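Just so it is clear, the structure is predicted and the values come from calculations on it, not from any experiment. Counting from 1, the numbers follow the sequence of the chain as shown.
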Amino acid sequence: MKVFLAALAMLINLPAAAQDMRRSGAEFMSPEARAMQADDGANPAMLSVLEGEALWSASPPGGAPACAGCHGDARSSMSGAAARHPAFDVATGQAITLEGRIRACRTERQKAEPFAWESRELLALAAFVALQSRGMRISPSDPRIAPAVAQGRELYGQRLGRLNLACRHCHDDNAGQRLGSAPIPEAHPTAYPIYRLEWQSLGSLQRRLRGCLTGVRARPYLYGSPEMVALESYLRDRAAGMMIESPGVRP
């Protein structure tokens, strides 16, 4: 009993980060896949990062400033940006995702057509920006996006589709189990955009969410829809304090 009480006391006195039992999706991958993510020379998402870096310095049609023209060196100006999004957008009074912010800058500041959702260009820029936050911890949500977080929490627990399943049934109740040959992760979005080996391409968190919705035989929400922003806001809030790994690799 004394040994147990001593161990319990040690656990209680550990820093919060040391007590955190949440697991990144990387922990459910094979050693080979983890090594691929960790090695920038082997991580296939880094090709998109290089493309995003070029886009960062390129002026859009019409002669408006490039991203770098306003924000300068992304290593400093974008440091922590991915850890803070979804964030509060003053212009709309709503939550906005990182990809949504890039699209808004494209239209409002550069006066150019926004990159399409899930387009190669948008994902490349998002991956380049997200890289600047790698190794940082996801920030707690801005209180001003609390309505989006609350909506996302409700959607996460809502049964959907012909299979009548909610996100929580897989990612809370059965995390660590297997669905066919694939392990079920805890659904912490620490590494997006990710290069998924199944896709053979880079993809956003919203693409992954749409895949889950299709999997339970539900109609997927549209990219950029309030439902998608809400789910992304809740999942990021749920992962607050975890480390950004972007750009990630997943099976």
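For the pair Glu186 and His171, the minimum side-chain heavy-atom distance is 4.5 Å or more. You'll find the side chain of Ile138 reaches within 4.5 Å of the side chain of Ile244, heavy atoms only.
Taking the side-chain contact (heavy atoms from CB on, under 4.5 Å) definition, one finds that Asn164 meets it with Arg159, sequence neighbours left out. Arg153 meets the salt bridge (Lys or Arg N to Asp or Glu O under 4.0 Å) test with no other residue; sequence neighbours excluded. Remark: Arg120 engages Glu51 in a salt bridge (Lys or Arg N to Asp or Glu O under 4.0 Å) (not counting sequence neighbours). Every residue was checked against the side chain to side chain donor-acceptor pair (under 3.5 Å) condition with Glu108, not counting sequence neighbours, and none meets it. For Ala64, the side-chain contact (heavy atoms from CB on, under 4.5 Å) criterion is met by Pro60, Gln110, not counting sequence neighbours. Considering only residues two or more places apart in sequence or on other chains, Arg134 meets the salt bridge (Lys or Arg N to Asp or Glu O under 4.0 Å) condition with Asp40. Not counting sequence neighbours, the partners of Arg250 by the side-chain contact (heavy atoms from CB on, under 4.5 Å) test are Ser24, Ala26, Met29, Gln37, Thr190, Ala191, Ile194, Arg196, Glu245. Remark: Ala82 engages Leu98, Ala130, Ser133 in a side-chain contact (heavy atoms from CB on, under 4.5 Å) (not counting sequence neighbours). Not counting sequence neighbours, Tyr195 has no partner by the ring pair (Phe, Tyr, Trp, His ring centres under 6.0 Å) test.
For the ring pair (Phe, Tyr, Trp, His ring centres under 6.0 Å) condition, the pairs that include at least one residue of residues 133-167, sequence neighbours left out, are Tyr156-Tyr234. Listed by first and then second residue, the ring pair (Phe, Tyr, Trp, His ring centres under 6.0 Å) pairs that reach into residues 30-61 are Trp56-His71, Trp56-Phe128, sequence neighbours excluded.
Between the side chains of His85 and Arg101, a donor-acceptor pair is found at a separation under 3.5 Å.
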Open item on the list: For Asp172 and Arg238: C-alpha separation, side-chain torsions, deciding distance, then whether salt bridge (Lys or Arg N to Asp or Glu O under 4.0 Å) applies.
Closed with: CA-CA 12 Å; Asp172 289 355; Arg238 180 172 170 265; 2.8 Å; yes
Tabulate below the donor-acceptor pairs under 3.5 Å that side-chain atoms of residues 206-219 make, not counting sequence neighbours, or state none.
{"unit_1": "Gln206", "atom_1": "OE1", "unit_2": "Gly224", "atom_2": "N", "d": "2.8"}
{"unit_1": "Gln206", "atom_1": "NE2", "unit_2": "Glu232", "atom_2": "OE1", "d": "3.3"}
{"unit_1": "Arg207", "atom_1": "NH1", "unit_2": "Ser201", "atom_2": "OG", "d": "3.1"}
{"unit_1": "Arg210", "atom_1": "NH1", "unit_2": "Tyr221", "atom_2": "O", "d": "2.7"}
{"unit_1": "Thr214", "atom_1": "OG1", "unit_2": "Arg210", "atom_2": "O", "d": "3.0"}
{"unit_1": "Arg217", "atom_1": "NH1", "unit_2": "Gly215", "atom_2": "O", "d": "3.0"}

